[in-house]
Amino acid sequence: NLDLSRVAIGGVSAGGHLSAVVAHMCREASIPLAFQLLSVPVCDLHAFAPDGTLLPSQPYASYRDLADTQPLPLLRMTYFHRHFLGNPRPKELDDDWRVSPIRAKSFKGLAKALVVTAEMDVLKDEGVAYVGKLRDAGVKVEHVEIKGAPHIVMQLDGILEGGKEYNRVTITALKEALGR
């Protein structure tokens, strides 16, 4: 009795990465998806060299400008890269869009999306770049940047206005997308 018109996917950080990949896979498999919620998503692990170090040519200023911002400094992203993909990253993953969903061949026909970024997050700029890819492909996408917030904004709803804003924005978007 599953209502296939009301299926959504979403995730935070690495879960945002997985959700973006699954959204592409659903489109390719003609599996209906009503909505995708990508919160502070990892979108481009190819900004890192095979050994997990950040490439000097990577395009995201937030990696440089927010490298020491807690709780997700650049050093921790490097650690996650090495443990997620191996050290060094296997050569067969060098061109795999599932490692970096921002590098998928097409964004056309993807589900409507909400991408939430945090102003004080190293991942901010790659999330914004992913929004651009969605928009360029004609996907209906809303981007919300939570001002003054760190990567874990959704966990701070009891003490930070940005956490409360995150809850309001995501709940409203899910209700609208799923018809409630």
Side-chain angles (χ1 to χ4, degrees), residues 4-64 66 72 74 77-118 121-145 151 154 169-170 173-174 176-178:
L4 293 178
S5 69
R6 298 182 65 234
V7 176
I9 190 163
V12 175
S13 194
H17 170 270
L18 293 173
S19 296
V21 169
V22 169
H24 283 270
M25 294 172 88
C26 284
R27 182 207 50 213
E28 292 303 311
S30 298
I31 297 170
L33 193 59
F35 187 70
Q36 53 179 322
L37 170 59
L38 309 177
S39 298
V40 293
V42 177
C43 299
D44 191 358
L45 287 170
H46 285 103
F48 293 85
D51 69 355
T53 58
L54 191 65
L55 291 169
S57 61
Q58 65 80 25
Y60 309 112
S62 59
Y63 271 116
R64 180 190 65 247
L66 300 168
L72 186 62
L74 180 57
M77 273 303 297
T78 300
Y79 171 87
F80 290 146
H81 179 282
R82 288 179 178 155
H83 285 80
F84 177 55
L85 298 173
N87 187 15
R89 177 177 66 225
K91 186 130 181 77
E92 62 268 17
L93 297 179
D94 283 352
D95 295 320
D96 193 328
W97 67 268
R98 293 168 299 179
V99 170
S100 297
I102 199 165
R103 296 177 181 218
K105 288 183 178 152
S106 173
F107 286 72
K108 289 198 181 301
L110 288 176
K112 176 182 173 181
L114 168 62
V115 179
V116 180
T117 57
D121 182 14
V122 294
L123 300 176
K124 174 181 68 170
D125 289 348
E126 64 184 88
V128 171
Y130 198 80
V131 167
K133 290 278 194 171
L134 291 166
R135 281 191 179 133
D136 289 348
V139 174
K140 190 172 183 182
V141 59
E142 179 183 2
H143 171 232
V144 175
E145 180 176 294
H151 183 73
M154 67 291 308
V169 166
T170 56
L174 283 166
E176 288 175 5
L178 302 178

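Residue pairs satisfying the salt bridge (charged side-chain N to carboxylate O under 4.0 Å, His left out) criterion with at least one member in residues 132-144, sequence neighbours excluded, are absent. Here side-chain hydrogen bond (donor to acceptor under 3.5 Å, both in side chains) pairs that include residues 48-61, with residues two or more places apart or in two chains, are Asp44-Tyr60, Asp51-Thr53. Residue pairs that meet the side-chain hydrogen bond (donor to acceptor under 3.5 Å, both in side chains) test with at least one member in residues 12-21, sequence neighbours left out, are Ser13-His151.
Residues meeting the side chain to side chain contact (heavy atoms under 4.5 Å, CB included) test with Ala34, sequence neighbours left out: Leu178. Taking Arg98 as the reference, Asp96 meet the salt bridge (Lys or Arg N to Asp or Glu O under 4.0 Å) condition, with sequence neighbours excluded. The side chain to side chain contact (heavy atoms under 4.5 Å, CB included) test applied to Pro90 returns Glu92, Leu93, not counting sequence neighbours. With sequence neighbours excluded, the residues forming a ring-ring contact (aromatic ring centres under 6.0 Å, His included) with Tyr130 are Phe107, listed by chain and number. A search for side chain to side chain donor-acceptor pair (under 3.5 Å) contacts involving Arg89 returns His81, Asp94, not counting sequence neighbours. Residues passing the side chain to side chain donor-acceptor pair (under 3.5 Å) test with Gln36: none are found, sequence neighbours excluded. Residues forming a salt bridge (Lys or Arg N to Asp or Glu O under 4.0 Å) with Lys105 (at least two apart in sequence, or on another chain): none.
When all heavy atoms are compared, the tightest approach of Val115 to Gly127 is CG1-O, 4.0 Å. Contact between Val139 and Leu110 at its shortest, heavy atoms only, is CG1-O, 3.8 Å. Residues Ala173 and Phe35 approach most closely at CB-CZ, 3.8 Å, considering heavy atoms. The nearest pair of heavy atoms linking Pro41 to Val116 is CD-O, 3.8 Å.
Counting heavy atoms from C-beta on, the side chains of Leu123 and Thr117 never come closer than 4.5 Å. Residues Met154 and Val40 are in side-chain contact: their nearest non-hydrogen atoms beyond the backbone lie under 4.5 Å apart. A heavy-atom distance below 4.5 Å is not found between the side chains of Val42 and Phe80.
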Using residues 26-33 as the side-chain source, report each donor-acceptor pair under 3.5 Å to any protein atom, sequence neighbours left out, with the distance given to one decimal.
residue: Arg27; atom: NH1; partner: Ser106; partner atom: O; Å: 3.0
residue: Arg27; atom: NH1; partner: Lys108; partner atom: O; Å: 3.0
residue: Arg27; atom: NH2; partner: Ser106; partner atom: O; Å: 3.4

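The distance from the CZ atom of Arg103 to the CH2 atom of Trp97 is 14.0 Å, given to the nearest 0.5 Å. Rounding to the nearest 0.5 Å places CG of Leu134 at 13.0 Å from NZ of Lys112.
Residues Tyr63 and Phe48 bring their aromatic ring centres within 6.0 Å.
Side-chain atoms of Asn87 never come within 3.5 Å of backbone atoms of Arg82 as a donor-acceptor pair (strictly under, hydrogens ignored).
Applying side-chain contact (heavy atoms from CB on, under 4.5 Å) to Cys43 and the options Asp125, Leu38, Ile102, Val128 leaves one that passes, Ile102.
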